[in-house]
Amino acid sequence: MGLSGKDLVGLQHLAAKEIKLILDNAIPMKGIIQRQIKKVPTLRGRAMVTVFYEASTRTRASFDLAAKYLSADTIGITAATSSVSKGESLRDTARTIAAMGADVVVLRHPMAGAAELLARTVGASVINAGDGAHEHPTQALLDLFTVNEKKGRINGLKVAIIGDILHSRVARSDIWGFSRMGAEVRLAGPATLMPPGVEQMGARVYEKIEDALDGADVVYILRIQRERQQQGLFPGLREYSQLFGINAERLRLAAPDVLVMHPGPINRGVEIAPEVADSLQAVITEQVTNGVAVRMAILYLLVGGGSQHEITY
């Protein structure tokens, strides 16, 4: 079976069994990308279009490779080089793409809710690659896959998410995902960067970073978005690093076998110290690898159909 809907726009309403289905299917997909010949005919004849209104390296390249490893055809569109620059609306752009026969549209957009709007507009499957400060579901899914792979479980783990929660679509999707799969989610960061009512999502807010880190099995460090620093939401990068940066001393408060995660790109010496980023506990590079496997699984389940036992090798 595939996913219950044609789209993946967020984790807020995704059931635990669907999350597990994606994670289970990502396992054989990772086996494919670890082979010397990284190509299977599973999605041959299918077409994927990436539409990015914001800059991206990891996510866009990851989707592109995921589709190509499954033998799908791909094309990428950026706002600056498309009819969007001439004033064309997102809805009209999407309809044009769908009229060309695209099976999947991967969208990154600065406005929250853009992916859901698109999903209601076109018959093609829509995958949200980040919509404003709302959600980034595939990042959260690769995070869940990485933790499950390393720890053998998610249920019962203590996951501390540190940093700019307010502007982070990754944080929102991770809160939904880890909570849905039974983890205890802890949040810490400047009070000005903590969204009001975030506890209603299933997370607990800690005023002191040390309390959030105490015994944590996973420490997830969010990128400080330097553009937000101009808004005066915290004094400065040096002060942020002193109060909320994860260094070796703070990391010792966590569990001995803690995993250190970061969605990238990292700001060394700001939210994460170099010795932590390069430590044996850090799985940041593995997150990137797992991102391709998870996105392969999502593409397969949305447009390939079937179960993991039917993957064509």
Side-chain angles (χ1 to χ4, degrees), residues 1-5 7-30 59 62 127-130 134-163 165 168-188 195 198-206 212-222 254-255 257-263 281-284 286-302 307-308:
M1 75 176 181
L3 296 174
S4 60
D7 312 296
L8 179 63
V9 297
L11 295 195
Q12 181 177 359
H13 303 296
L14 202 65
K17 65 179 181 179
E18 292 186 288
I19 293 175
K20 185 178 185 301
L21 179 65
I22 294 170
L23 303 187
D24 288 345
N25 275 270
I27 296 172
M29 296 300 181
K30 188 169 182 179
T59 302
S62 182
I127 301 175
N128 182 7
H134 181 223
E135 279 217 52
H136 194 347
T138 62
Q139 177 68 48
L141 288 164
L142 74 88
D143 294 336
L144 289 164
F145 181 81
T146 303
V147 171
N148 192 59
E149 182 180 57
K150 290 294 184 180
K151 295 288 189 180
R153 65 186 176 98
I154 298 171
N155 186 48
L157 295 180
K158 299 177 179 67
V159 179
I161 303 177
I162 311 297
I165 310 295
S168 177
R169 53 193 172 210
V170 174
R172 282 173 175 76
S173 290
D174 269 333
I175 292 169
W176 291 124
F178 279 107
S179 298
R180 191 74 35 82
M181 300 306 288
E184 174 191 320
V185 180
R186 305 170 173 182
L187 307 177
V198 70
E199 294 94 341
Q200 297 175 10
M201 296 174 62
R204 180 178 176 183
V205 177
Y206 288 77
L213 294 173
D214 184 27
D217 301 292
V218 178
V219 174
Y220 200 101
I221 306 164
L222 297 172
D257 60 345
V258 64
L259 295 182
V260 175
M261 306 180 73
H262 192 297
Q281 293 106 316
V283 292
I284 300 169
E286 290 177 70
Q287 286 175 262
V288 177
T289 301
N290 291 339
V292 179
V294 166
R295 289 169 177 126
M296 288 173 70
I298 293 166
L299 289 171
Y300 168 68
L301 289 167
L302 286 179
S307 70
Q308 66 186 61

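Note that this is a predicted model, so its numbers are computed, not measured.
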Colleague: Taking the side chain as every heavy atom from C-beta outward, state whether Ile165 and Val205 have any atom pair closer than 4.5 Å.
Modeller: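 They are not in contact (no side-chain heavy atoms under 4.5 Å apart), so the answer is no.
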Colleague: Hey, what do you get for CG (Leu187) to CD1 (Ile162), rounding to the nearest 0.5 Å?
Modeller: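 One finds 8.0 Å between CG of Leu187 and CD1 of Ile162.
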Colleague: Is a donor on one side and an acceptor on the other found under 3.5 Å between the side chain of Asn148 and the backbone of Leu144?
Modeller: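 Judged by distance alone, no pair lies under 3.5 Å.
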Colleague: Atom CE of Met181 and atom CD1 of Ile19: how far apart are they, to the nearest 0.5 Å?
Modeller: 5.5 Å
Colleague: So among Val283, Asn290, Val218, which one has a side chain to side chain contact (heavy atoms under 4.5 Å, CB included) with Lys150?
Modeller: Val283
Colleague: Salt bridge (Lys or Arg N to Asp or Glu O under 4.0 Å) with Arg186: which residues, sequence neighbours excluded?
Modeller: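 For Arg186 the salt bridge (Lys or Arg N to Asp or Glu O under 4.0 Å) partners, ignoring immediate neighbours, are Glu184.
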Colleague: So, using side-chain hydrogen bond (donor to acceptor under 3.5 Å, both in side chains) as the criterion, who are the partners of Asn128 when residues are at least two apart?
Modeller: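 Partners of Asn128 under the side-chain hydrogen bond (donor to acceptor under 3.5 Å, both in side chains) test: Asp131.
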Colleague: If we only count heavy atoms from C-beta on, is the Met29 to Val292 side-chain gap below 4.5 Å?
Modeller: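 They are not in contact (no side-chain heavy atoms under 4.5 Å apart), so the answer is no.
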Colleague: Starting at OG1 of Thr146, measure out to CG of Leu141 and round the result to the nearest 0.5 Å.
Modeller: 10.5 Å
Colleague: For residues Pro195 and Arg172, determine if any side-chain heavy atom of one lies less than 4.5 Å from a side-chain heavy atom of the other.
Modeller: yes
Colleague: Can you tell me if Arg180 uses its side chain to pair, donor with acceptor, with the backbone of Leu11 under 3.5 Å?
Modeller: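 Yes: the side chain of Arg180 pairs with the backbone of Leu11.
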Colleague: Within a strict 4.5 Å, meaning less than it, do heavy atoms of the Leu8 and Leu14 side chains meet?
Modeller: yes
Colleague: Would you name the heavy atoms of Val219 and Ala254 that are closest together and state the gap between them?
Modeller: CG2-CB, 4.2 Å
Colleague: Restricting to side-chain hydrogen bond (donor to acceptor under 3.5 Å, both in side chains), what partner residues turn up for Glu135, sequence neighbours left out?
Modeller: Ser173
Colleague: Taking C-beta and beyond as the side chain, do Leu299 and Ile127 meet within less than 4.5 Å on heavy atoms?
Modeller: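 With C-beta onward as the side chain, the pair touches.
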Colleague: Against Val185, only a single residue in Leu157, Ile175, Asp174, Val198 fulfils side chain to side chain contact (heavy atoms under 4.5 Å, CB included); can you say which?
Modeller: Ile175
Colleague: Looking only at non-hydrogen atoms, find the nearest pair between Ala26 and Ala297 and report the distance.
Modeller: N-CB, 3.6 Å
Colleague: Determine, stepwise, if the pair Tyr300 / Asn25 fulfils side chain to side chain donor-acceptor pair (under 3.5 Å).
Modeller: CA-CA 9 Å; Tyr300 168 68; Asn25 275 270; 5.2 Å; no
Colleague: Indicate the atoms forming the closest heavy-atom contact of Ala212 with Ala160, along with that distance.
Modeller: O-CB, 3.5 Å
Colleague: With the side chain counted from C-beta on, respond yes when Phe178 and Val147 share a heavy-atom pair under 4.5 Å apart, and no when they do not.
Modeller: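 Heavy-atom side-chain distance check passes, below 4.5 Å.
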Colleague: Write out all pairs satisfying side-chain hydrogen bond (donor to acceptor under 3.5 Å, both in side chains) with one or both partners inside residues 7-16, taking only residues at least two apart or from two chains.
Modeller: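 Listed by first then second residue: nothing to list.
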Colleague: Just jot down the salt bridge (Lys or Arg N to Asp or Glu O under 4.0 Å) partners of Glu149, sequence neighbours excluded, or say none.
Modeller: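 Listed in chain order: Lys30.
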Colleague: How many angstroms lie between atom CG of Asp257 and atom CD of Gln281, to the nearest 0.5 angstrom?
Modeller: 9.0 Å
Colleague: Counting N and O atoms only, with roles assigned by atom type, does the side chain of Gln287 sit under 3.5 Å from a partner on the main chain of Leu142, one being a donor and the other an acceptor?
Modeller: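 No: the side chain of Gln287 does not pair with the backbone of Leu142.
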Colleague: Given side chains that start at C-beta, do those of Phe145 and Ile27 come closer than 4.5 Å, heavy atoms only?
Modeller: yes
Colleague: Where do Asp217 and Lys151 come nearest, in terms of heavy atoms and distance?
Modeller: O-CE, 3.7 Å
Colleague: Identify, with sequence neighbours excluded, every residue that meets salt bridge (Lys or Arg N to Asp or Glu O under 4.0 Å) alongside Arg169.
Modeller: Glu54
